[in-house]
Amino acid sequence: MLTNRKMLWLLFVTAVSLVSSKAFAQYDQSYPGFYTPFTDMPVEDYDFQWFAPPITEVYGQDGIDPKTGPFFDYHRFYVNVSRGEAAPNPSQGDVTWGNKIDAGWMSEEGHGWLLQTLHIDGPQVAEANVGSTVSVGLNKVWRLDPYHNGFWVEPMIGVRYFQFKDQSLRVFYLPITQRPIDTQRFMENNMLLGQLGARMYTHRGHWKLYGDIQVMGGNNWVYRNNQDNTYSTGVVGAEWSLGAAYYLTREIAIDINWNTIYMGRGVGRNPFPSSGDQQESLFMSGVGFGFTFHR
């Protein structure tokens, strides 16, 4: 037989369950697939007409809706990377090249997935700015109802792994002879981040104008080449871009955009143990050229 206390707990749990299920159901109507994120991918319905004439009508008018199905974007980036605080002329930056790939799927129900990868090999300015960057992020994306004049917004939430390796101060000079010695010192930042953002776009004739922004925060495990000086710290950052794509066919476009990544006050860049637990920043910004394939 249930005691009064057990009965109260049972009523409380039942009430919370009913309220939560109703709230979850309402939330899932606004963001379909939030609790059941996977959906069928009807590849058999794809017509493979990559070179069909481009759609030039405005999205949201005359029954023209944004594309569904698979998508793939590639950009070759010419990017400026900031220097660390201990490097010569720390207010300057140095340019290098990188590659960015976005791929994913948007279902006809208005939700999908976005995988983002970035690799920047450089810069290679000895004793001033030597580094490399690898980033991999996975986002759940929703497509909201259109706004005025065919303006669309796709909020997203996800996780990202971001690694930045700094080797700027690896060269050491002997005190008397000033002979340089490559000590192979480096700092390796391994960031695990949660992120929240949105993609925005509109379609006019052959052109698609778009922008996106993501804010991120998490933990950075900073590894010096001296194991005794490994530490962790919090880090926050953001990424944003503006771009334009010109559709040559229904599904293929050439694309140009401006992309910026900023990590604030949580990045380690000085490999010498005397520098302690650092709270430096990292700024990368540049222009990308590439192509898009959108179903």
Side-chain angles (χ1 to χ4, degrees), residues 75-100 117-136 160-193 215-241 257-289:
H75 290 92
R76 179 70 170 165
F77 270 99
Y78 187 64
V79 59
N80 185 286
V81 181
S82 64
R83 295 182 179 181
E85 295 175 1
N89 301 313
S91 61
Q92 297 183 7
D94 302 282
V95 294
T96 185
W97 291 94
N99 298 288
K100 190 173 188 292
T117 66
L118 173 68
H119 176 252
I120 300 175
D121 190 11
Q124 297 294 330
V125 183
E127 305 169 47
N129 199 2
V130 181
S132 61
T133 302
V134 175
S135 174
V136 180
R160 177 186 298 211
Y161 171 73
F162 191 96
Q163 182 192 76
F164 176 71
K165 189 172 182 179
D166 194 310
Q167 296 177 280
S168 301
L169 302 177
R170 69 178 188 270
V171 178
F172 175 75
Y173 290 89
L174 295 176
I176 299 177
T177 64
Q178 291 299 303
R179 177 186 173 187
I181 298 178
D182 192 340
T183 63
Q184 294 297 323
R185 295 181 183 271
F186 63 88
M187 294 287 282
E188 186 176 280
N189 298 269
N190 297 281
M191 310 174 205
L192 184 60
L193 309 167
V215 293
M216 60 197 83
N219 197 72
N220 183 14
W221 289 269
V222 188
Y223 168 71
R224 286 190 175 93
N225 58 334
N226 185 337
Q227 285 277 6
D228 295 335
N229 290 280
T230 300
Y231 65 93
S232 67
T233 184
V235 64
V236 295
E239 179 177 4
W240 60 93
S241 65
N257 68 20
W258 190 274
N259 195 86
T260 300
I261 298 175
Y262 176 71
M263 296 293 179
R265 315 310 301 172
V267 180
R269 306 199 65 176
N270 188 339
F272 291 96
S274 59
S275 61
D277 294 357
Q278 300 169 65
Q279 297 295 320
E280 297 194 30
S281 62
L282 174 65
F283 183 82
M284 296 186 246
S285 185
V287 62
F289 307 89

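Along the sequence shown, residues carry numbers from 1. Note that the coordinates shown come from a computational prediction; the quantities given were computed from them, not determined experimentally.
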Given 3.5 Å as the limit, does a donor-acceptor pair link the side chain of [X] with the main chain of [Y], or not?
X: S168; Y: A87; value: no
X: N220; Y: V235; value: no
X: N189; Y: F164; value: yes
X: Y231; Y: R224; value: no

From the options H75, R160, K100, select the one residue that forms a side chain to side chain contact (heavy atoms under 4.5 Å, CB included) with L118.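 Checked H75, R160, K100 against L118; only one passes side chain to side chain contact (heavy atoms under 4.5 Å, CB included): K100.
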Is there a side chain to side chain contact (heavy atoms under 4.5 Å, CB included) between M191 and V267 once you walk through the steps? CA-CA 9 Å; M191 310 174 205; V267 180; 3.9 Å; yes
Could you tell me which residues satisfy salt bridge (charged side-chain N to carboxylate O under 4.0 Å, His left out) with R265, sequence neighbours excluded, listed by chain and number?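 Here the qualifying residues are E85.
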Criterion side chain to side chain contact (heavy atoms under 4.5 Å, CB included) on N99 and R76, from CA distance to verdict: CA-CA 5 Å; N99 298 288; R76 179 70 170 165; 3.1 Å; yes
I'd like to check [X] versus [Y] (side-chain heavy atoms, cut-off strictly below 4.5 Å). Are they in contact?
X: Y78; Y: W97; value: yes
X: W240; Y: W258; value: no
X: D166; Y: N270; value: no

For N219, check side-chain contact (heavy atoms from CB on, under 4.5 Å) against everything at least two apart and list the hits.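 Here the qualifying residues are W221, S232.
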Going by side-chain contact (heavy atoms from CB on, under 4.5 Å), name the residues that satisfy it together with A128, two or more places apart in sequence or in a different chain.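 For A128, the residues satisfying side-chain contact (heavy atoms from CB on, under 4.5 Å) (neighbours in sequence not counted) are R83, P88, V125.
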Kindly determine whether N129 and R269 satisfy side chain to side chain contact (heavy atoms under 4.5 Å, CB included), including the steps that lead there. CA-CA 10 Å; N129 199 2; R269 306 199 65 176; 3.4 Å; yes
Taking it one step at a time, do M284 and F77 satisfy side chain to side chain contact (heavy atoms under 4.5 Å, CB included)? CA-CA 11 Å; M284 296 186 246; F77 270 99; over 6 Å; no
